[in-house]
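Working notes, structure below.
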Amino acid sequence: MTYSTRRNFALALGATTAVAACGNGVGNSNAATIDARVNQTLSTLYNEHPGTQELGNKAVGILVMPLVTEAGFGLGGSFGRGALRVGGATVDYYSQVKGSGGFQIGAQQFSHVLFFMTNEALTNFRRSEGYAVGANASVAVLNDGAALNAETTTTLAPTVAVIFGQAGLKIGATLEGVKYTRIIP
């Protein structure tokens with residue numbers, strides 16, 4: 001790959017991520033705004049997918065990303081902001097970004113919640129300087145009418161990711177390659 005091609009790739013990836021972030025309703029980094037959106041997101045998740053309430057009750061920590069905007073045209077990216085809750089209280093705020101390349105076109109928005117089922121998983125997340133969801137996470141994508149059983153998911157992984165509320169024209173929401181970083185709103 002030549003220097004010019006690498007530079008163009010980096011510029012295109014940066015521009016795509018910036019465009020994805022522009023349409024994100026969580027662009028406001030005000031703590032009160034993020035907390036209000038986190039409350040609404042958890043309420044919606046628990047009402048539309050009652051099995052997740054039990055999962056939330058068993059979790060030692062919950063990271064809620066109320067709105068993630070993802071867009072791509074060959075190169076893609078996503079952005080969102082949210083809060084980490086421990087014992088029902090917000091302890092930190094996080095942003096999430098993702099860059100991707102390959103055959104893709106379109107845009108979508110969705111919400112996602114990471115349920116940390118063990119103290120070790122929560123501690124690893126909080127101590128990392130750019131946590132990425134990896135093989136130690138179980139990911140469930142919930143569509144209308146989808147159910148999630150807390151018993152089966154908690155035995156699969158120390159971290160359970162739930163993606164829901166997808167809207168848009170891009171096929172498939174995923175947390176592959178997503179990086180979470182602590183922010184100060």
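Note that the structure is a prediction, hence the values are computed from the model and not measured. Note that these values count all heavy atoms, side chains included, but never hydrogens, waters or copies made by symmetry.
Of the inter-residue distances, the one linking R182 atom CZ with F125 atom CZ reads 8.0 Å to the nearest 0.5 angstrom. In this structure, CG on L45 lies 12.0 Å from CD1 on I163, to the nearest 0.5 angstrom. The CG atom of L63 sits 9.5 Å away from the CG atom of D92 when rounded to the nearest 0.5 Å. For the atom pair N47 CG and L42 CG, the distance stands at 10.5 Å (nearest 0.5 Å). Note that the CZ atom of F79 and the CG atom of L67 stand 10.5 Å from one another [nearest 0.5 Å]. Separating the CD atom in E70 from the CD atom in Q109 is a distance of 10.5 Å, to the nearest 0.5 Å.
For the residue pair G56 and F115, the shortest heavy atom distance occurs at CA-CE2, 3.6 Å. In this structure, Y94 and R126 approach most closely via the heavy-atom pair OH-CA, 4.0 Å. The nearest pair of heavy atoms linking T159 to F116 is OG1-CD2, 3.7 Å. Residues R85 and D35 share a closest heavy-atom pair of NH2-O, 3.4 Å.
With V68 as the fixed residue, the side chain to side chain contact (heavy atoms under 4.5 Å, CB included) test singles out one of H112, K98, Q108: H112.
Within the 3.5 Å criterion, the main-chain N or O of N39 finds no donor-acceptor partner in the side chain of S43. Looking only at distances, a side-chain donor or acceptor of T118 sits under 3.5 Å from a matching main-chain atom of A121. A donor-acceptor pair under 3.5 Å is formed between the side chain of S111 and the backbone N or O of P66.
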Q: Give the C-alpha distance, both sets of side-chain angles, the deciding distance and a yes or no for side chain to side chain contact (heavy atoms under 4.5 Å, CB included) between V38 and T90.
A: CA-CA 10 Å; V38 165; T90 297; 5.7 Å; no
request  = Go through V86 and L122 one step at a time and tell me if the side chain to side chain contact (heavy atoms under 4.5 Å, CB included) criterion holds.
outcome  = CA-CA 9 Å; V86 176; L122 179 60; 4.0 Å; yes
Please test K58 against M117 for side chain to side chain contact (heavy atoms under 4.5 Å, CB included), starting from the C-alpha separation and ending with a verdict. CA-CA 7 Å; K58 290 182 177 188; M117 305 312 293; 3.7 Å; yes
Given side chain to side chain contact (heavy atoms under 4.5 Å, CB included), test V97 with V178 step by step and report yes or no. CA-CA 6 Å; V97 295; V178 171; over 6 Å; no
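Two rings, from F110 and F164, have their centers 6.0 Å or more apart.
Using a 4.5 Å heavy-atom cutoff, the side chains of Y93 and I184 are not in contact.
Side chains of N30 and R81: no donor on one and acceptor on the other come within 3.5 Å.
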